[in-house]
A.B. asks: 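Mind having a look at this structure? Questions to follow.
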Amino acid sequence: MNTRPDVVVIGAGVFGLASAWELAKNGHSVVVLDRAPVGTEASGWALGRLDPLLKGSGSTGTIERDLPAGHIAKPEAQQEIALLSYRIHQKLTPEIEKISGLDLQVDHQPTLQLFYSQEERDFGAQYAARWTDMGFKTDLISDQEILGIDSRFRTTDFGGAIVRGPYFIDSLNFVKALAACASSVGVRLETATVTAIEDSGDQGVTVHTDQGHYEAGSVIVAAGPWSPQLVEPLGASVPVHPSKGEILRLKPPEGVGFPMHLLGPCSLVKKRDGLVWVAATVAEVGFDKTPTAEASQKLLEYAETMMPDAADWPVVEHSACFRPATPDDLPVVGAVTDNVFVASGGGGGGIGHCLLVGREVGKLVSNGEPEMTAFSVKRFG
Ligand SMILES: Cc1cc2nc3c(=O)[nH]c(=O)nc-3n(C[C@H](O)[C@H](O)[C@H](O)COP(=O)(O)OP(=O)(O)OC[C@H]3O[C@@H](n4cnc5c(N)ncnc54)[C@H](O)[C@@H]3O)c2cc1C
């Protein structure tokens with residue numbers, strides 16, 4: 001609070017920290033404010049799957065309405081952005097691990113997308129050659145071949161596809177590592193709950209908090225699904241809403257293997273923590289973060305659909321958090337007033353998107369607009 005920073009970033013999730021890191025690398029002095037410890041919200045609890053291709057089970061559901069039945073891939077616009085984000089992750093991961101000293105637990109196990117209809121198999125066939133050409137070797141396989149991989153898997157007559165390239169990281173280590181990267185270039189991380197933002201044009205911005213106020217040249221609102229309520233008093237409307245997602249972590253018996261990530265009605269995957277994650281539900285219930293028995297039951301049913309054994313393993317963690325969701329499942333990066341910018345809307349892919357978003361925030365603060373029109377606030381009219 002003592003020296004006036006160039007930029008105050010509100011939110012120490014992956015969007016806020018990736019933005020702060022980028023801004024500081026570009027020579028700005030930056031303070032990040034968060035009301036809670038790093039990783040308290042979705043950034044610390046996400047499944048951590050970096051997949052530029054498959055729709056997966058973590059979409060907010062808002063994209064479903066425009067897709068034909070059985071469409072297993074992300075819509076084209078999302079595949080493009082997710083691929084760019086994926087490449088940036090691959091490039092920066094060694095640097096992030098080196099600076100932070102944290103293991104991101106990169107895990108390159110293949111994904112077995114199970115098919116439940118002829119339409120899904122047809123889409124699989126349509127994408128297999130294309131994804132293979134892009135460097136993501138994809139093979140269509142029959143139900144018998146799936147059982148040959150592991151007889152515990154439950155299949156249908158439609159078989160599945162093995163997709164190689166999408167991978168997992170540990171979200172909590174990742175968000176903590178981003179905090180360390182930001183600190184390494186001088187970013188100050190402070191605990192405060194932001195209550196209001198005042199934009200005084202040429203005079204800069206005042207950020208009011210429960211710890212006093214901060215003066216800055218500009219502000220990045222990266223407060224996840226809480227971003228709209230911070231910018232609405234400035235006359236800005238940003239269509240980001242909380243989309244609740246619940247995850248179970250199961251403890252398989254000692255020595256029990258799990259050969260690959262199963263993707264069907266949900267994700268079923270053994271992560272490097274040794275636990276099998278069942279992810280995730282989607283519910284539009286406002287800001288109620290209570291884990292529910294209903295979600296737990298649904299996730300266990302999903303798990304059973306793909307691998308009956310897993311549904312009997314003890315649940316050692318049941319978590320719930322919010323995807324900051326937008327109507328088209330793409331982030332929002334843009335100016336809401338002269339000196340106040342928003343960076344939110346990661347939806348179910350925000351761990352993937354955040355490094356690209358950070359790069360765009362860097363350009364936004366320098367040029368007033370993000371380079372990627374797909375992220376523009378103006379797209380919502
Ligand atoms: C169940 C689930 C699974 C997911 N799995 C994946 C996945 O596999 N791959 C993937 O890429 N993405 C995944 N995601 C999405 C990803 O977690 C989010 O898109 C991303 O973490 C959002 O980051 P964020 O920084 O925008 O928001 P958040 O992580 O929500 O951070 C916002 C921060 O703002 C702070 N804040 C809010 N209001 C205030 C205030 N007034 N004052 C001060 N601080 C404030 C909060 O405390 C919080 O720390 C998943 C999400 C869910 C829910």
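Ligands are counted one by one from 1 in listed order, and the atoms in each one are counted from 1 as well.
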A.B. asks: Under 4.0 Å from ligand 1, counting heavy atoms only, is it the side chain of Phe15, its backbone, both or neither?
C.D. replies: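 Under 4.0 Å from ligand 1, Phe15 contributes backbone and side-chain atoms.
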A.B. asks: Decide side-chain contact (heavy atoms from CB on, under 4.5 Å) for Leu33 and Val207; before the verdict, give the C-alpha distance in whole Å, the side-chain angles of both, and the deciding distance to 0.1 Å.
C.D. replies: CA-CA 10 Å; Leu33 303 177; Val207 177; 4.1 Å; yes
A.B. asks: Pick, from Ser43, Gly11, Gly13, the option with the minimum heavy-atom distance to atom 29 (O) of ligand 1.
C.D. replies: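 Nearest heavy atom to atom 29 (O) of ligand 1 lies in Ser43.
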A.B. asks: Tell me whether Thr40 reaches ligand 1 (any heavy atom closer than 4.0 angstrom to a ligand atom).
C.D. replies: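 No, that is not the case, since the closest heavy atom of the residue is not under 4.0 Å from the ligand.
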A.B. asks: Strictly below 4.0 Å, N to O, side chains only: are Asp139 and Arg164 in salt-bridge contact?
C.D. replies: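 Answer for the salt bridge query: yes.
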A.B. asks: Could you work out, with side-chain hydrogen bond (donor to acceptor under 3.5 Å, both in side chains) as the rule, every residue matching Glu304, not counting sequence neighbours?
C.D. replies: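 Glu304 satisfies side-chain hydrogen bond (donor to acceptor under 3.5 Å, both in side chains) with no other residue.
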A.B. asks: Does NZ or CZ of Lys271 lie under 6.0 Å from the centre of the six-membered ring of Trp277, at an angle within 45° of the ring axis?
C.D. replies: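 Pair Lys271/Trp277 counts as cation-pi.
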A.B. asks: Decide whether Asp122 and Gln126 meet the rule of one side-chain donor and one side-chain acceptor closer than 3.5 Å.
C.D. replies: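 There is no such pair between these side chains.
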A.B. asks: With side-chain hydrogen bond (donor to acceptor under 3.5 Å, both in side chains) as the test, would you mind laying out the steps for Thr111 and His261 before giving the verdict?
C.D. replies: CA-CA 5 Å; Thr111 288; His261 165 222; 2.8 Å; yes
A.B. asks: Does ligand 1 have an atom under 4.0 Å from some heavy atom of Ser227?
C.D. replies: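 No heavy atom of Ser227 comes that close to ligand 1.
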A.B. asks: Among Val194, Val240, Val221, which one has a heavy atom closest to atom 41 (N) of ligand 1?
C.D. replies: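 The nearest heavy atom belongs to Val194.
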A.B. asks: Just jot down the ligand 1 atoms closer than 4.0 angstrom to any heavy atom of Ala192, in number order.
C.D. replies: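 Near Ala192, meaning under 4.0 Å from one of its heavy atoms, ligand 1 has 42 (N), 43 (C).
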A.B. asks: Would you indicate which of Ala279, Ser319, Gly224 comes nearest to atom 27 (O) of ligand 1 when only heavy atoms are counted?
C.D. replies: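 The option holding the nearest heavy atom is Gly224.
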A.B. asks: Donor-acceptor check, side chain of Gln78 to backbone of Leu330, threshold 3.5 angstrom: yes or no?
C.D. replies: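 Checking the backbone N and O of Leu330 against the side chain of Gln78, no donor-acceptor pair under 3.5 Å is found.
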A.B. asks: Could you check whether any heavy atom of Gly347 sits closer than 4.0 Å to an atom of ligand 1, since that is the contact criterion I want to use?
C.D. replies: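 Yes.
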A.B. asks: Using a 4.0 Å heavy-atom threshold (strictly under), name the region of Pro324 that reaches ligand 1: side chain, backbone, both or neither.
C.D. replies: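 Side chain only.
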